[in-house]
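Proteins come first, then strands; the chains are lettered A, B, ... in the order of their sequence lines, and each starts at number 1. None of the values given here were measured: they were computed from a predicted structure.
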Amino acid sequence: MSLFEMKNIKKSFDGKEVLKDISFSVEKGQVLAIIGPSGSGKSTILRIATGLETKDAGDILFDGTFGLVFQDFNLFPHHSVMKNITNAPVKVQKRDKKEVNNVAKDLLKKMGLEDKENNYPSQLSGGEKQRVSIARALAMNPDMLFFDEPTSALDPEITGEVLKVIQDLAKEHMTMVIVTHEMNFAKNVADHIIFMDDGYIVEEGTPEEVFGSDNQRMKEFLGKFQD
Amino acid sequence: MYLFSTMISELSFGLITSIEIFLLTILFSMPLGLAVALGRMSKIRPIQWIMKAYISIMRGTPLMLQLIVIFFAPYYVFGIGLSSDYRMIAVILAFSINYAAYFAEIYRGGFESIPKGQTEAAQVLGYSKFQTFYMIRLPQMFKIVLPSITNELITLVKDTSLSFVIAIPEMFTVAKQIAAADSSIMALLVAGVFYYIFNIIVAWFMEYVEKRMDYY
C-alpha cells in the first residue's frame, strides 16, 4: 500500500501546460528523488502535493501529514531558531509547550545546532538555516517530508551538511520526496528516481535503472552533469 | 507688554492640547489605518473600491478643509448646535480619518513587501489565515514600515497646528493670539522652538523603537 499517490495530475499556468498527466506513488519509508531540467515541472509537483497550488485535473491519494522544506528556507525572520521550530506545534497542533521544547532541542542537537536556539535566522549561514527549516518541518511529526531543491540556494561547499542531514533521515526510514539537482546525492540516497522533462515523467525506477537508461533525453540531461 | 514667563506658561497650556491631539490621533488612526489597509487588500471587490475611494479622497483634499467640514457639518447639514465639546471631537475625528488613509497605504506597502514564501511556509505548517496574519505578517509589516511611520508622526506634530481653523486652543492658536495682542513675533518663534523640541523627542523615541526592533 502506498502512503502517497498522485494520479493523472495536470496543471497549466496561463495556458502553458507544465504538468501533463503525472502519476506516481511513494511507499512508506521510501525516498523518492525527482530530477530533470529546469522548467520540467518538478517543483510544481511539490507545490500541488503540499496544497500551495491547485491541480487542474487528477487525484491525490494521501491522508497523512507532511512537511515541506523550501529552496530558500522561508524561516520566520522575527522568530528565534527555537520559536521557528516550536511555534506551529504549540499554536497549531496545540501540543504541550514543554514536550515541544524538548523535541526541538533534540532536533537541534541532531542537526548540530544545539548552540543556536536563541539565534535569529539572519545570524545563521545558509546551511544552518536550511537545517533549522528541516527541524521545523520535523517538529510537526509529519508522515512524510517534501524537499524542494533544498541545496540550490546554498554555496557548493556547504551543501554537504544539509545533504548529510537528509541522508541520516533516510537511514531512519523517513518517507521523503526530494526535488534535486544533486545527481550523486539522488543516486546514493534515493530508492526510487523519477526523471521529468517537459511536464512528463520520462523515466522512472531504481537509481541503477534510471542512470543506466538508454533514453536519449535522460542521457543528454546526465551528460551536462558529467563534464 | 506680555511677560515672557506668562507667554511661556500660556504656550505650554497650548502645547498640552497639541500633545493631546497628537496622541489621540495616533491612538485612533493607527488601528483604523490597519482596518482600511485590510479592506483595500480585500478580495471582495466592493470593499476594495470603497477603501480606494476613501483613501483617494482623504489624501486628495486638504486636511484643513476636512477639519472645517467635519466641524460645521452637524450645524449646516442637520441644524444641530455646536457645543464646545464637539470642537475637540471634530479635531480628533478629522485627524484620525485623514491619517488613517496615509497609514493604510503605508501598511499596505509593508504587507506587500513581505516575501510570499512567508505565507506559504505558514500555510504548510498549518497556521490558520488569522494566525498567519497576526503571528507572521503583522509583526514583520510593522518593522518594515517603522521609518515611514516616523515620517508621518513628525508631520502630524506640525499638522496639529491646523486645528487653529476651528479655534482649538492648541499651541499655534495660542501663539497667534499672543502675537496679535503683543504686536510681536516672539510667541510664534517660541512656539516654533516648542514644536521643534516636540519633534526631536518623537524622532528620538522612534529611533529607540527601531533599535529595539533591530534584533533580527
Whether K143(B) engages the ring of Y216(B) as a cation-pi pair (distance to the six-membered ring centre under 6.0 angstrom, angle to the ring normal within 45°) should be assessed. yes
Check whether the side chains of [X] and [Y] place a donor and an acceptor atom closer than 3.5 Å, and report yes or no.
{"X": "E149(A)", "Y": "T180(A)", "value": "no"}
{"X": "T155(B)", "Y": "E152(B)", "value": "no"}
{"X": "Q71(A)", "Y": "D148(A)", "value": "no"}
{"X": "T17(B)", "Y": "E20(B)", "value": "no"}

Applying a strict 4.5 Å limit to non-hydrogen atoms, the region of R136(A) in contact with chain B is both
Please classify the contact of F76(A) with chain B as side chain, backbone, both or neither, using a heavy-atom distance under 4.5 Å. both
Ring geometry between F4(A) and F24(A) (parallel below 30°, tilted from 30 to 60°, perpendicular above 60°): tilted
Which word best sums up how the rings of Y208(B) and W204(B) line up, parallel for under 30°, tilted for 30 to 60°, or perpendicular for over 60°? parallel
The criterion is ring-ring contact (aromatic ring centres under 6.0 Å, His included); which residues satisfy it with Y215(B), sequence neighbours excluded? Y120(A)
Can you name the residues that form a ring-ring contact (aromatic ring centres under 6.0 Å, His included) with F95(B), not counting sequence neighbours? none
For Q118(B), which atoms come within 4.5 Å of any heavy atom of chain A: side chain, backbone, both, or neither? both
Below 4.5 Å, heavy-atom pairs only: which of M135(B), M213(B), Q131(B) has the largest tally toward chain A? M135(B)
Under 4.5 Å between any side-chain heavy atoms of L68(A) and L52(A), yes or no? yes
Quick one: are I35(A) and M183(A) in side-chain contact, heavy atoms under 4.5 Å? yes
Residues of residues 152-179 of chain A with a heavy atom under 4.5 Å from any heavy atom of chain B, in residue-number order, are none
Close approach to chain B in residues 80-113 of chain A, criterion heavy atom under 4.5 Å: N87(A), A88(A), K91(A), V92(A), K94(A)
